[in-house]
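Pasting in a structure now, in structure tokens, and then I'll have a few things to ask.
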Amino acid sequence: MEAVVQTRGLTKDYGSVLALDALDLEIGAGTTGLVGANGAGKSTLLKILLGLVPATRGGARVLGHEIATEGPAIRAAVGYLPEHDCLPPDVSASDFVVHMAMMSGLPRVAARERAAEVLRHVGLAEERYRPMGGYSTGMKQKAKLAQALAHDPRLVLLDEPTNGLDPAARDEMLGLVQRIGRDFGIAVIVTSHLLGELERVSDHVVVLDGGRLLRASSTDEFLDATGVLLVEVLGDDAQARMAQALNRSGVATVARGTMLTVDATARASDQVDVHDLIRDTASDLGLGLVRLQVDHRHIEDVFATDGAAASSPEVSHD
Ligand SMILES: Nc1ncnc2c1ncn2[C@@H]1O[C@H](COP(=O)(O)OP(=O)(O)OP(=O)(O)O)[C@@H](O)[C@H]1O
Ligand SMILES: [Mg+2]
């Protein structure tokens, strides 16, 4: 199956700022979470993919269309929820979505039907005739989502749809995002700077950092790839003695509460497998090994721990 998005050396230079740095990326069907800190280049990438902003160098194809030359064909097949407020305050959500659907080529009657449908889908049935200027942030985000879906796109690009939402509204929005992919089979690219919230809704995760690709993998691999072992030992001063012994064997440890975490792919100085080393070390020290298991944590923690481990291998959290 053809990639939904494919970029080749995609570069965007805003004068002194290099927003995208020779990005090579392939995104397939399903829901992809595009994660990165503020300024990582997420919004720039989406705008370039829509053909709204020209690339400085390199290129990309979206649903098989070249961004440089086929912008209209791309925008006909792609829905977009922009990051910033873009809603005319004096217009009702209903009129707005009908208008957007007609702009995309639907006849008036079909546009009305479609608008009613998508507004019901996002949960704006009651309020849809009120001017959007009076909407809460949550309602505005829903109206933005509705217009992105109005013309029955094959792909939607959602730029921080949870931005500014309280926890309940955030959950609701994430549920809607999930349903776009799962129930309607529309490909979704959704951005956030919160890694944890995308883990729930995304089949794939792409991490951008300073305009470059830091990582791209399925969400499952992403979690498995953490490859962290949790170790718990019982006995006098067990945690510290275990940590010292493992460190002497060339394996770094990180304290987490009463447990230790160890990189599952680590090898002792003498090439012994880390699982065997942990068992043998506990036994040599006369400590009870009560836990040796793979740690299934959340994407957010992966980053927090990666950073800490990189800067100093023996971090104590207390
Ligand atoms: N129109 C512009 N002119 C100049 N610099 C820009 C422009 N748009 C973006 N930038 C810069 O490009 C970089 C990437 O910005 P971008 O908005 O794509 O990041 P982002 O990942 O969407 O960040 P955020 O999470 O804050 O939305 C930033 O350093 C930003 O300041
Ligand atoms: Mg942005």
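Counting starts at 1 for both ligands and their atoms, in listed order. Remember, it's a predicted structure, so these values are computed and weren't measured experimentally.
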Check: Heavy atom under 4.0 Å from ligand 1: found in Lys42's side chain, backbone, both, or neither?
Finding: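 The answer is both, backbone and side chain.
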Notebook entry, point to check: Taking C-beta and beyond as the side chain, do Val231 and Leu289 meet within less than 4.5 Å on heavy atoms?
Noted result: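 Yes, at least one pair of side-chain atoms sits under 4.5 Å.
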Checklist line | Protein contact of atom 1 (N) of ligand 1 - nearest heavy atom, named by residue and atom, plus distance | finding: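 Sorting protein heavy atoms by distance from atom 1 (N) of ligand 1 puts Tyr14 CE2, 3.5 Å first.
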Note to self: Using a 3.5 Å cut-off on N or O atoms only, is Gly41 in polar contact with ligand 1?
What the structure shows: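 Yes; the residue has a nitrogen or oxygen that sits under 3.5 Å from a nitrogen or oxygen of the ligand.
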Margin query: Just checking: Glu83, one of its N/O/S atoms, less than 2.8 Å away from the Mg ion (ligand 2), yes or no?
Written below: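 Coordinating: yes.
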Checklist line | ligand 1 versus Lys12: contacting region, heavy-atom distance under 4.0 Å | finding: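 None of Lys12 does.
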Check: Does Thr261 use its side chain to pair, donor to acceptor, with the backbone of Leu230 at less than 3.5 Å?
Finding: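 Between the backbone of Leu230 and the side chain of Thr261 there is no qualifying donor-acceptor contact (under 3.5 Å).
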Next item on the list: Select one of side chain, backbone, both or neither to describe which atoms of Asn38 lie under 4.0 Å from any atom of ligand 1, heavy atoms only.
Entry: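 Contact part for Asn38 vs ligand 1: both backbone and side chain.
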Next item on the list: Check whether any N, O or S atom of Ser43 sits under 2.8 Å from the Mg ion (ligand 2).
Entry: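 Coordinating: yes.
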Item checked: Numbered atoms of ligand 1 (with element) below 4.0 Å of Val17, judged on heavy atoms ->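 Once the distances to Val17 are compared, the set is 11 (C), 12 (O), 13 (C), 29 (O).
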Notebook entry, point to check: Hey, is the main chain of Ala93 close enough, under 3.5 Å, to the side chain of Gln147 for a donor-acceptor pair?
Noted result: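 Checking the backbone N and O of Ala93 against the side chain of Gln147, no donor-acceptor pair under 3.5 Å is found.
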Note to self: For the backbone of Pro82 and the side chain of Lys144, can you confirm whether one donor and one acceptor N or O come within less than 3.5 Å of each other?
What the structure shows: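 Checking the backbone N and O of Pro82 against the side chain of Lys144, a donor-acceptor pair under 3.5 Å is found.
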Margin query: Tell me whether Gly15 reaches ligand 1 (any heavy atom closer than 4.0 angstrom to a ligand atom).
Written below: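 The answer is no, since Gly15 has no heavy atom less than 4.0 Å from ligand 1.
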Notebook entry, point to check: For Ala150, does its backbone N or O pair with a side-chain atom of Arg114 as donor and acceptor, under 3.5 Å?
Noted result: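 A pair under 3.5 Å: yes.
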Margin query: If we check side-chain contact (heavy atoms from CB on, under 4.5 Å) with Val206, which of these qualifies: Val5, Thr32, Leu45?
Written below: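 Of the listed options, the one satisfying the test is Thr32.
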Margin query: Side chain or backbone, does Thr44 bring an N or O within less than 3.5 Å of an N or O on ligand 1?
Written below: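 Such a contact does occur with ligand 1.
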Next item on the list: Could you list the atoms of ligand 1 found under 4.0 angstrom from a heavy atom of Ala19?
Entry: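 Once the distances to Ala19 are compared, the set is 12 (O), 13 (C), 14 (C).
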Margin query: Does this structure show an ion pair linking Asp276 with Arg279, if we count only N-O contacts that are shorter than 4.0 Å?
Written below: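 Salt bridge: yes.
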Next item on the list: State, yes or no, whether a side-chain contact exists between Thr31 and Gln178 at a heavy-atom distance under 4.5 Å.
Entry: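 Of all side-chain heavy-atom pairs linking Gln178 with Thr31, none is under 4.5 Å.
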Item checked: ligand 1 N/O within reach of Gly39 N/O, cut-off under 3.5 Å ->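 N/O-N/O distance below 3.5 Å exists for this pair.
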Item checked: Glu117 with Arg120: basic N within carboxylate O range, under 4.0 Å ->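 No, Glu117 and Arg120 are not salt-bridged.
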Check: Within 4.0 Å of atom 31 (O) of ligand 1 (strictly less), any protein heavy atom?
Finding: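 Within 4.0 Å: no protein heavy atom nearby.
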Next item on the list: Identify, for atom 17 (O) of ligand 1, the protein heavy atom at the shortest distance, and state residue, atom and that distance.
Entry: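 Nearest neighbour among protein heavy atoms for atom 17 (O) of ligand 1, to 0.1 Å: Ser43 CB, 3.8 Å.
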Margin query: Please list, in number order, the atoms of ligand 1 under 4.0 Å from a heavy atom of Glu83.
Written below: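 It comes down to these atoms of ligand 1: 24 (P), 27 (O).
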